[in-house]
Amino acid sequence: MVEIGSGAKRNVDDYELSRYACYLIVMNGDPRKEVIAFGQTYFAVKTRQQELIEDYEKLTEEQKRLAIRNEMKRHNIALADAAHKAGVQ
């Protein structure tokens with residue numbers, strides 16, 4: 001039951017959507033709406049993550065080691081920057 005404008009309550013249907021259905025709704029929605037913009041960002045990030053995983057699997061062991069090292073370096077720099085901005089010495 002949900003409350004409607006007049007204070008009365010009304011029964012509404014509840015749906016469970018698949019991930020793909022959510023994707024289609026969000027990617028075709030109005031990005032001016034916050035929830036749609038958030039959903040579009042979410043799916044864009046997840047798509048990029050999958051692309052990176054597929055690329056990573058093609059690397060040699062040495063290339064994987066270097067990729068991980070470079071990623072850790074970027075994260076450590078970002079962490080140090082965030083700590084500095086927060087006043088941590």
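These numbers come from the heavy atoms of this one structure, side chains and all, not from hydrogens, waters or symmetry mates. Along the sequence shown, residues carry numbers from 1.
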Q: Sorted by first residue and then second, give each side chain to side chain donor-acceptor pair (under 3.5 Å) pair with at least one member in residues 24-38; sequence neighbours left out.
A: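 For residues 24-38, and leaving out neighbouring residues, the side chain to side chain donor-acceptor pair (under 3.5 Å) pairs sorted by first residue read Asp30-Arg32.
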(Q) Starting from Phe43, can I reach Leu24 by hopping between I/L/V/M/F/W/Y residues whose side chains sit under 4.5 Å apart? (A)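 As far as the 4.5 Å side-chain criterion goes, Phe43 and Leu24 are connected within one cluster.
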(Q) Can you list everything that forms a side chain to side chain contact (heavy atoms under 4.5 Å, CB included) with Val35? Sequence neighbours excluded, please. (A)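 Val35 satisfies side chain to side chain contact (heavy atoms under 4.5 Å, CB included) with no other residue.
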Q | side chain to side chain contact (heavy atoms under 4.5 Å, CB included) against Glu51, all qualifying residues, sequence neighbours excluded | A |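 With neighbours one apart ignored, the set is Thr47, Arg48.
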Could you go through residues 9-22 and list every donor-acceptor pair under 3.5 Å that involves a side-chain atom there, pairing it with any protein atom two or more places apart or in another chain?
unit_1, atom_1, unit_2, atom_2, d
Ser18, OG, Ala21, N, 3.1
Arg19, NH1, Tyr42, OH, 3.2
Arg19, NH2, Tyr42, OH, 3.2

Q. Taking atom CD of Gln50 and atom CG of Leu52, what is their separation to the nearest 0.5 Å?
A.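 Answer for the CD-CG pair, Gln50 versus Leu52, is 9.5 Å.
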Q) How far apart are the closest heavy atoms of Gln40 and Gly29, and which atoms are they? A) NE2-O, 3.7 Å
Q | Distance-minimising heavy-atom pair for Pro31 and Ala37 | A | O-CB, 3.4 Å
Can you list everything that forms a salt bridge (Lys or Arg N to Asp or Glu O under 4.0 Å) with [X]? Sequence neighbours excluded, please.
X     : value
Glu54 : none
Arg69 : none
Glu57 : none
Lys46 : none

Q) Looking at residues at least two apart in the chain, or sitting in another chain, which of them share a side-chain hydrogen bond (donor to acceptor under 3.5 Å, both in side chains) with Thr60? A)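 Gln63.
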**Q.** With sequence neighbours excluded, residues passing side-chain hydrogen bond (donor to acceptor under 3.5 Å, both in side chains) with Glu3
**A.** none
Q: If you link ILVMFWY side chains whenever their heavy atoms are less than 4.5 Å apart, which other residues fall into the same cluster as Ile68? By chain and number, please.
A: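 Via sub-4.5 Å side-chain contacts, Ile68 links to Tyr56, Leu59, Met72.
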Q) For Tyr23, does the OH atom have more than 12 heavy-atom neighbours from other residues, nucleotides or ligands under 6.0 Å away? A)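 No, because the 6.0 Å sphere around OH of Tyr23 holds 12 heavy atoms or fewer from other groups.
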Donor-acceptor contacts under 3.5 Å from residues 78-85 side chains, at least two apart:
unit_1, atom_1, unit_2, atom_2, d
Asp81, OD2, Lys85, NZ, 3.4

